[in-house]
Amino acid sequence: MAGLFVAMYQLVDYSEQKDLVDRQRYQVVTLGKAITNAESGQRGYLLTGHTLFLDALEQGQAEAMKAISLLEHDLDTSSAARPLLANIKQLVQQKFNAMDKSVQVQMHAGEYAPHLSLSRDRGRELMKLIDGQLAQIDEQLLIKRQWFEQAIRNRILASVTVAILLSIVIISVLVFSYRSTTLLLEQVMENQAVAKQLSHQADHDLLTSLPNRRSVNVYLESTYEMARIGSKQFAVFFMDLDGFKRVNDAYGHDVGDALLIEVANMFKRVLRQSDFLARQGGDEFVLVVSSYLHRLELTQLAQRLIHLFAQPVVVRGIPLEIGVSIGIAEYPHHGKNVKQLLHVADKAMYDSKKNGKNRFSFGE
Ligand SMILES: Nc1nc2c(ncn2[C@@H]2O[C@H](COP(=O)(O)OP(=O)(O)OP(=O)(O)O)[C@@H](O)[C@H]2O)c(=O)[nH]1
């Protein structure tokens, strides 16, 4: 990261330095042109005698001096071009002095006398020297410019390389943290699912997935509490299959298990959403009906449940003849608490067994 900042900083710095060199080269060209302009003004005056050319001479001289002072300001103190510039400054001054002198001579001659002044002008010789030295300065500046250009290219390359490496590192970190977070979330969700499953297993029968004996007590206690407070009624059906042992004995426990699952599903099909069905254990089921108005509704429900076994139940292709004996207890009629109600319902179920099975009885 720090490398990237350093490379970027140097990039900006080198670009500024390169611009400065370009400005200096521009001043070198300007200086050369200004001297030529001044020379043209001088020659124009010497050849024609028109004072108009003196303006061009002065302007060229002023521009040349300005370019020299800008270069003096801009060139590095350690630059090898500095001594050359000092030389050029002297030569330019000599040249301008010679120009001024030739103009003075012309003026004092009083009339147009080109042969007089031009012959004495050593300007050409000086101009050659100046041009040579200006070319040397420009050559040095060009080398400097090329160095900055190469340095800029290198820094761009370094910046891009560092940026690519940095991006790779950032992407890797992001991918790694994403994967860790995902794994963590998966772990949490898995734990939650296991906890949910364990909680479900604690309250439900593994075979039929119906609520188990523990749930029956919890459900009955809360139903009883609500009925007591709201002065409502509810009924408990105790149901025990008839002839179930025969199935186990004849076809094995596997078929017995499959029959229990099928019976649970058959019961569920004739019940309403508000009814609560649980497996009490073995071939015993408990049904709690908490929304009914008349006992007749309980009678009709018991008949429907018994009717389910009017035909043999087919399990794994085997027709199995079984039935159900039901005992019914109503709150508050048959008991003032849950234990009492269960006891009355259980006893009523035994009455049904005693009276020939596959029937229902109300508690006494
Ligand atoms: N397959 C299977 N059998 C079970 C399970 N739990 C209990 N049993 C068996 O269910 C039978 C219940 O006995 P009973 O209620 O006397 O059998 P029954 O033939 O219905 O007798 P009655 O109730 O008098 O009609 C016993 O043989 C238990 O071993 C179970 O989860 N699976």
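No hydrogens, no waters, no symmetry mates; every other heavy atom, side chains included, goes into these values. It should be emphasised that the depicted structure is a prediction, and the values quoted were computed from it without experimental measurement. When a ligand or atom number is given, it counts from 1 through the structure's own listing order.
- Looking only at heavy atoms of the protein, atom 11 (C) of ligand 1 is closest to F244 CD2, 3.8 Å.
- Ion pairing between D76 and K144 holds under the 4.0 Å rule for side-chain N and carboxylate O.
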Check against salt bridge (charged side-chain N to carboxylate O under 4.0 Å, His left out), E297 and R304 = CA-CA 11 Å; E297 289 174 51; R304 276 206 305 278; over 6 Å; no
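- Residues in residues 338-364 take part in no ring-ring contact (aromatic ring centres under 6.0 Å, His included) pair, two or more places apart or across chains.
- Judged by distance alone, the side chain of S352 and the main-chain N or O of I326 form a donor-acceptor pair under 3.5 Å.
- Polar contact with ligand 1: absent for G256 (N/O pair, distance under 3.5 Å).
- Of the charged side-chain nitrogens involved, none lies within less than 4.0 Å of a carboxylate oxygen, so that K357 and D242 do not count as a salt-bridged pair.
- Annotation for ligand 1: atoms under 4.0 Å from non-hydrogen atoms of G282 are 6 (N), 7 (C).
- Residue K353 has at least one heavy-atom neighbour below 4.0 Å for each of these atoms of ligand 1: 22 (P), 23 (O), 25 (O).
- Considering both main-chain and side-chain atoms, L260 never comes within under 3.5 Å of ligand 1 through any nitrogen or oxygen pair.
- In this structure, atom 26 (C) of ligand 1 is not in close contact with the protein, since no protein heavy atom lies within 4.0 Å of it.
- Around atom 12 (C) of ligand 1, the closest heavy atom drawn from L241, N248, D283, D257 belongs to D283.
- Counting only N and O atoms by type, the side chains of S40 and N37 include no donor and acceptor under 3.5 Å apart.
- The shortest non-hydrogen separation linking G41 to A56 is CA-CB, 4.0 Å.
- Remark: ligand 1 atoms within the under-4.0 Å shell around heavy atoms of D240 are 15 (O), 23 (O).
- The closest protein non-hydrogen atom to atom 21 (O) of ligand 1 is G243 N, 4.5 Å.
- Counting only N and O atoms by type, the side chains of N97 and Q93 include no donor and acceptor under 3.5 Å apart.
- Taking distance alone, with nitrogen or oxygen atoms compared against 3.5 Å, L207 stays at or beyond that limit from ligand 1.
- When R279, R246, K357, K245 are ranked by how near their heavy atoms come to atom 17 (O) of ligand 1, first place goes to K245.
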